[in-house]
Amino acid sequence: MAAPRRADTTSSVIGAGPAGLAAAVTAADIGLSVVLIDASERPGGQYFRHAAPGLAPHGNPVHHKRATFAALSARLAAHVRGGRITHLPRRHVWTAEESGPAAGRARWTLRHVPVDGAPAAPAPIAPAPAPADGIRVTRARCLLLATGAYERQLPFPGWTLPGVVAAGGAQAILKDSGALPGRRIVVAGSGPLLLAVAVSLAEAGADIPVLAEAASYTGYGGRPGVLARNPAKAVEGARLAADLLRYRIRPRTRSAVVRAHGTERVEAVTLATLDRDWRPVAGTEVRIACDALAVGHGLVPQLELAVALGCTLRTAPDGTPAVEADDQQRTDVAGLWAAGESTGIGGVELALLEGRSAALSVASALHGSVRGPGSRTAAARQRRFADLMASVHRPGAHWPQWVTQDTEVCRCEEVTAHELRQANELGARDARSAKLLTRAGMGWCQGRLCETAVTCLAAGGDGSAPLAPARRPLSCPVSLQDLAESAPAPGPGPDPGPATTSGAPGTSGSPAL
C-alpha cells in the first residue's frame, strides 16, 4: 500500500464504534494523523460494548466478532502509542462548523465537552494525560461522522412501568455486568436485533416465554436475489433460529405488546395479533405473565451533527432519515464523510466496510490515489440487504391505534397522546410544532425516545409518517458555564495551524499529532 507523501494532516473521526474505529486505524495505517473523539470511555461502541472492570465478558452471542474487535483494538493502541491517533474518550461533540479563514488549511472546527460534565479520563489502551476539563476545540481538514444510532420506541399503555426496558438496553446491561432486568422476560418489537437479544438473555439464564415480532419474516422471501448475494446473513439467521429452538423460545410473528400491566413494576403484558398495517385484531389478545419486558422497534441513525452541517438526507425503507453518501462514503458537503449507522442501519459488517472505505477516500482526497483492499462491492451488496431488512420491519401505518389517550408519549415531559392529538387539532403537523404546543421532546433525551411517536401523532396518527430530524444548534446538553468560557475573545486570534486540539480559553491545549 503506497504511503502518502505527508503524515502531518489531521482528520477527525467522531464516534469510536465499529465504523469510526475501522476508519481511524485504517487512516493511521496509511500515514494520516487522526483525532478520534468518542462519548464512551473505551472504544467499540454499543456493538463491542465492554464488560465492567473485573467482570468477564458474557457469552458468544453478546460478544460476536471478538477477534475482529481485538485486532482493531491492538492497531488502535499501537497508533496511540506512536502518536498517529489522538484518542479523546468521554467527550461529546456538541457543535461542528466550517472553520473561517483564520484556521488556515483546517476546514472543520469541533467543540466538545466531557460526558456528564465529568473530567475526561485517559484512554485505557495506552498511557496518556487526561484532556482538559470543559470545552475543547479540535480543528481538522477532513471530518468523518460515525455517530451511530439509538433505539426506536413505539409507546403503549404501561410502557413506563419499572421492568420495561429497551431491547438494546437489556443487552447493554448484560454486556456491562452480566445482570438481567428480570427472570421471566418477554422480548417484543420488530427487527433482527430482537433475535440476538432473546438468545443473549436466555443464555444468561432468563426464561423467555415468547418473542413477539410485529412484522413477518416471510417478507425476506420476496427478494431471493438479495439473500443469495449475502449468504453470511442466511447463515447468521439459521444460527439464531437454532438458538431459539435450543432455548425453547417461541417466536410469534405479526404480534405486538399493546399493554403492560402492573403496579410497582411490570407483572404481565397483553399481546395482540396485528394485521398487515399493524392494527391490533380484536379478539386475539392474550395475557402473558412476566417480570420484565425488553422492547424495541429497530434503530434510528443519530444525525444531529449531520443535519447541523447541512448534509443531504435520504429516507430509508423503514421511514428513518439517514445521511446520503456515495460509494466512497462522501457526503454532499465538501470535506465531510459519513459511515456506519449514520448512513442507514446496516449492522456491524457493513459499518466496518464503510469505515475502511471512508478512510481510503479521505487519504485519496488529501494525497491523491491511495490503494487499499476493495470493499465497495461488498458494501453495496450488504447495503441492499440492509434496505431489505428495513423494508421488512418498517412500522405499519396504524400502530398508533394501540396508544390510548392517557398513554405518556414523551416520558421526560410527561406529555400524553391526548395532548399531542389536541396539538394536531390546533394545527401542529410536525414534531417541531407539537413541541412548541406541548413540550414533547424538550426533556433530557431531546426527543430521542419519543421522536418517532411524536412525529406520527403530530401527523394525525399516521404511523408511516417519515421522520424529519430538527436542526439543532447544540447536539447535546452543554452547561452555561462551558458556553461562556468558549466565547471567543475580542479581536483576531492566532492562526491555529492546519490541525489542532486545544482547550477552551484559559485552559492548556496541545496539538493533535
Side-chain angles (χ1 to χ4, degrees), residues 151-159 164 166-167 186-195 197-198 208-224 227 237 241 244 249-261 268-288 290 293-300 315-320 345 387-407 409 417-418 420-421 424 450-467:
E151 269 193 275
R152 172 166 48 193
Q153 294 293 325
L154 305 182
F156 51 86
W159 78 303
V164 179
V186 170
V187 178
S190 187
L193 175 64
L194 297 183
L195 300 173
V197 169
I208 311 295
V210 66
L211 189 163
E213 164 62 59
S216 173
Y217 300 122
T218 59
Y220 287 95
R223 305 214 13 221
L227 294 177
L244 293 180
I249 300 172
R250 178 169 58 94
R252 175 172 164 163
T253 59
R254 296 211 177 277
S255 297
V257 171
V258 295
R259 181 176 291 272
H261 309 275
V269 298
T270 293
L271 290 183
T273 301
L274 306 179
D275 67 14
R276 291 186 177 275
D277 291 321
W278 288 30
R279 296 183 189 87
V281 178
T284 63
E285 297 85 358
V286 58
R287 183 166 172 143
I288 298 177
C290 62
L293 167 64
V295 60
H297 290 82
L299 302 174
V300 178
T315 300
D318 62 351
T320 60
I345 308 304
D387 286 345
L388 169 61
M389 180 177 67
S391 64
V392 168
H393 296 283
R394 176 175 182 142
H398 294 286
W399 70 261
Q401 289 192 12
W402 69 56
V403 179
T404 61
Q405 292 287 71
D406 60 350
T407 301
V409 176
H418 173 66
L420 286 166
R421 286 165 176 155
N424 175 262
C450 65
E451 183 178 37
T452 297
V454 170
T455 298
C456 294
L457 292 172
D462 182 2
S464 63
L467 298 179

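What you see is a predicted model, and the numbers here were worked out from it, not measured in a lab. Side-chain atoms are counted along with the backbone in the values below, which use heavy atoms only and exclude waters and symmetry mates.
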Is a side-chain donor or acceptor of [X] paired with a backbone partner of [Y] at a separation under 3.5 angstrom?
X	Y	answer
E213	G191	yes
N424	A458	yes
S255	T253	yes

Which heavy-atom pair separates [X] from [Y] by the least distance, and what is that distance?
X	Y	answer
A453	V409	CB-CG1, 3.5 Å
L211	A198	CD1-CB, 3.6 Å
P155	V403	O-CG2, 3.4 Å
V197	A167	CG2-O, 3.6 Å
T284	T273	OG1-N, 3.0 Å
G296	L194	O-CD2, 3.8 Å

**Message:** Is a donor from one side chain sitting under 3.5 angstrom from an acceptor on the other, for T407 and T404?
**Reply:**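 Side chains of T407 and T404: pair found under 3.5 Å.
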Taking the side chain as every heavy atom from C-beta outward, state whether [X] and [Y] have any pair of such atoms under 4.5 Å apart.
X	Y	value
R394	P317	no
W278	S190	yes
V286	R252	yes
L457	R421	yes
R276	R254	yes
L195	Y217	yes
W399	H297	no
E151	L299	yes

Give, for atom [atom1] of [X] and atom [atom2] of [Y], the distance between the pair rounded to the nearest 0.5 Å.
X	Y	atom1	atom2	answer
L244	I208	CG	CD1	10.0 Å
I288	L293	CD1	CG	10.5 Å
D318	M389	CG	CE	8.5 Å
C290	H261	SG	NE2	9.0 Å
E285	T270	CD	OG1	7.5 Å
L420	Q405	CG	CD	10.0 Å

**Message:** Apply side-chain contact (heavy atoms from CB on, under 4.5 Å) to residues V257 and V295 and explain how you reach the verdict.
**Reply:** CA-CA 9 Å; V257 171; V295 60; 5.7 Å; no
**Request:** Tell me, with the steps shown, if R152 and I345 meet side-chain contact (heavy atoms from CB on, under 4.5 Å).
**Result:** CA-CA 12 Å; R152 172 166 48 193; I345 308 304; over 6 Å; no
